[in-house]
**Student:** 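Structure below; questions to follow.
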Amino acid sequence: MHRLSDLYPDHLDLLKEAGNIGAGHAATALSTLLQKRIEMKIPSVNVIPLSDVIKKDAEKHVATSYIEISGDLKGYFFMMFEVKLANRLIRQLVPDGSVFDNSMGKSVFCEISNILCGSYLSAISTFFRIHLNQSPPNYAVDMEGAILGEGLVELSLYDDSILLVGAELFDRDEKSKFKGEFLFLPLPESLDALFSAAEGKSFL
């Protein structure tokens with residue numbers, strides 16, 4: 001059985017390429033939603049130790065969505081933005097909204113999460129010719145270390161690494177940048193399928 005740390009640079013390049021295809025679709029959807037020109041790119045895809053993820057910026061205050069993936073691959077997707085950046089995104093649609101607003105602010109952040117994560121997953125699905133479903137997002141605001149420590153504890157039983165996908169949004173009208181992170185955690189039984197798909201092999 002493969003582990004994430006077994007992924008070769010070529011595999012990561014394929015995941016980055018698929019991510020940038022998804023980013024193009026996500027930017028179009030977000031531009032329509034926000035009624036302004038948004039660009040998005042995936043500058044990096046890396047496998048890093050789970051312990052480093054939990055320790056990294058542990059005190060950073062973040063808004064996070066959490067999506068379960070099912071279908072030909074099973075796993076979890078986290079989308080994280082620093083609270084001040086998440087608030088800037090929310091206020092594009094709800095001027096008084098924030099991540100602490102449990103109604104509109106939460107709804108807007110989850111909708112953005114649906115668009116960004118959905119576009120990335122859709123690109124992977126098309127790129128590797130696999131079928132994927134996503135659950136409605138769960139939502140949390142807390143210190144990054146606390147969220148990841150709790151959310152990843154079960155997954156740490158399966159693998160000691162995580163797939164970290166960098167994401168950059170650029171608001172061309174306001175010339176401002178939003179940096180976020182996606183954490184993609186395929187379950188162990190899906191890793192062999194992901195390897196096969198990345199190498200162009202059928203895994204069904």
Side-chain angles (χ1 to χ4, degrees), residues 2-30 38-57 60 62-82 85-86 89 109-110 112-128 130 132-135 137-138 140 144 147-148 151-152 155-156 158-170 177-188 190-191 193-195 197-198:
H2 287 99
R3 302 172 71 85
L4 276 173
S5 54
D6 296 332
L7 284 169
Y8 296 129
D10 286 350
H11 295 142
L12 298 179
D13 286 344
L14 285 173
L15 289 169
K16 181 181 173 182
E17 188 175 347
N20 274 318
I21 292 171
H25 296 304
T28 300
L30 265 183
I38 300 292
E39 294 179 351
M40 181 178 174
K41 66 178 181 178
I42 305 293
S44 62
V45 177
N46 296 298
V47 175
I48 61 176
L50 190 59
S51 57
D52 286 0
V53 177
I54 293 175
K55 290 176 183 174
K56 182 176 84 69
D57 297 326
K60 187 166 68 177
V62 296
T64 304
S65 70
Y66 168 85
I67 289 173
E68 184 172 356
I69 305 164
S70 59
D72 291 331
L73 297 180
K74 294 179 175 59
Y76 301 89
F77 220 97
F78 287 77
M79 184 189 84
M80 296 192 303
F81 278 90
E82 199 168 354
L85 296 181
L89 275 174
F109 188 79
C110 287
I112 291 171
S113 167
N114 260 330
I115 290 173
L116 297 183
C117 295
S119 296
Y120 185 67
L121 292 174
S122 176
I124 290 177
S125 176
T126 302
F127 200 82
F128 295 126
I130 55 179
L132 298 176
N133 300 311
Q134 67 183 80
S135 71
N138 292 306
E144 183 172 311
I147 289 176
L148 293 179
L152 302 182
L155 293 167
S156 68
Y158 301 121
D159 203 326
D160 55 7
S161 299
I162 191 171
L163 194 64
L164 183 65
V165 182
E168 287 185 358
L169 301 175
F170 185 67
K177 187 180 291 186
F178 303 80
K179 283 189 177 180
E181 291 179 336
F182 295 151
L183 280 68
F184 182 28
L185 298 99
L187 291 183
S190 291
L191 275 178
L194 183 61
F195 271 73

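Counting from 1, the numbers follow the sequence of the chain as shown. Bear in mind the structure is a predicted one, so any value in this text is a computation, not a measurement.
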**Student:** Report yes or no: does S113 contribute a side-chain atom to a donor-acceptor pair with the main-chain N or O of F109 at less than 3.5 Å?
**Tutor:**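 Looks like no, no N/O pair under 3.5 Å.
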**Student:** Could you grab the distance from atom CD of E181 to atom CZ of F81, nearest 0.5 Å is fine?
**Tutor:**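 So the gap between those two atoms works out to 9.5 Å.
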**Student:** With ring centroids as reference points, do F182 and F78 lie under 6.0 angstrom apart?
**Tutor:**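 Between F78 and F182, which both carry aromatic rings, the centre distance is not below 6.0 Å.
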**Student:** Given K16, which of N20, L14, L12 fulfils the side chain to side chain contact (heavy atoms under 4.5 Å, CB included) condition?
**Tutor:**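 That would be N20; it is the only one of N20, L14, L12 passing the side chain to side chain contact (heavy atoms under 4.5 Å, CB included) with K16.
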**Student:** When rounded to the nearest 0.5 angstrom, what is the spacing between OG in S119 and CG in L30?
**Tutor:**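 Output value for this atom pair is 7.5 Å.
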**Student:** Taking the side chain as every heavy atom from C-beta outward, state whether I48 and I162 have any atom pair closer than 4.5 Å.
**Tutor:**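 The answer is yes, as the side chains (C-beta and beyond) meet within the 4.5 Å cut-off.
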**Student:** For a 4.5 angstrom cut-off between non-hydrogen side-chain atoms, does P137 reach N114?
**Tutor:**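 Heavy-atom side-chain distance check passes, below 4.5 Å.
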**Student:** To the nearest 0.5 Å, tell me how far L183 CG sits from M80 CE.
**Tutor:**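 Output value for this atom pair is 5.0 Å.
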**Student:** Any side-chain heavy atom of E68 within less than 4.5 Å of one from Q134?
**Tutor:**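 No - every pair of side-chain heavy atoms lies 4.5 Å or more apart.
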**Student:** Check this for me: K177, atom NZ, are more than 12 non-hydrogen atoms of other residues, nucleotides or ligands nearer than 6.0 Å?
**Tutor:**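 No, the 6.0 Å shell around NZ holds no more than 12 heavy atoms from other groups.
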**Student:** Distance check, rounded to the nearest 0.5 Å: N133 atom CG versus K74 atom NZ?
**Tutor:**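 That separation rounds to 9.5 Å.
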**Student:** Strictly under 6.0 Å, is that where the ring centroids of Y120 and F77 end up?
**Tutor:**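 Yes - the distance between ring centres of Y120 and F77 falls below the 6.0 Å cut-off.
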**Student:** Would you name the heavy atoms of I69 and F184 that are closest together and state the gap between them?
**Tutor:**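 Looks like CD1-CE1, 3.4 Å.
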**Student:** Show, in sequence, the C-alpha distance, side-chain angles and deciding distance for K60 and E82, and conclude whether the side-chain contact (heavy atoms from CB on, under 4.5 Å) test is met.
**Tutor:** CA-CA 7 Å; K60 187 166 68 177; E82 199 168 354; 3.9 Å; yes
**Student:** So, do H25 and I115 sit near enough that their side-chain heavy atoms are less than 4.5 Å apart?
**Tutor:**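 No; the side chains remain at least 4.5 Å from each other.
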**Student:** Does any non-hydrogen side-chain atom of L169 lie less than 4.5 Å from one of L116?
**Tutor:**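 In short, these two side chains touch, coming nearer than 4.5 Å.
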**Student:** How many angstroms lie between OH in Y66 and SG in C117, if you round to the nearest 0.5 Å?
**Tutor:**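 Output value for this atom pair is 12.5 Å.
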**Student:** A side-chain contact here means heavy atoms from C-beta on lying under 4.5 Å apart; do L132 and L73 qualify?
**Tutor:**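 The answer is yes; the side chains approach within 4.5 Å.
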**Student:** State, to 0.1 Å, how close A86 and A63 come at their nearest heavy-atom pair, and which atoms those are.
**Tutor:**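 Closest pair (atom of A86, atom of A63, distance): CB-CB, 3.9 Å.
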**Student:** Rounded to the nearest 0.5 Å, what separates atom CD1 in I112 from atom CZ in F178?
**Tutor:**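 Going from CD1 on I112 over to CZ on F178, the span is 9.0 Å.
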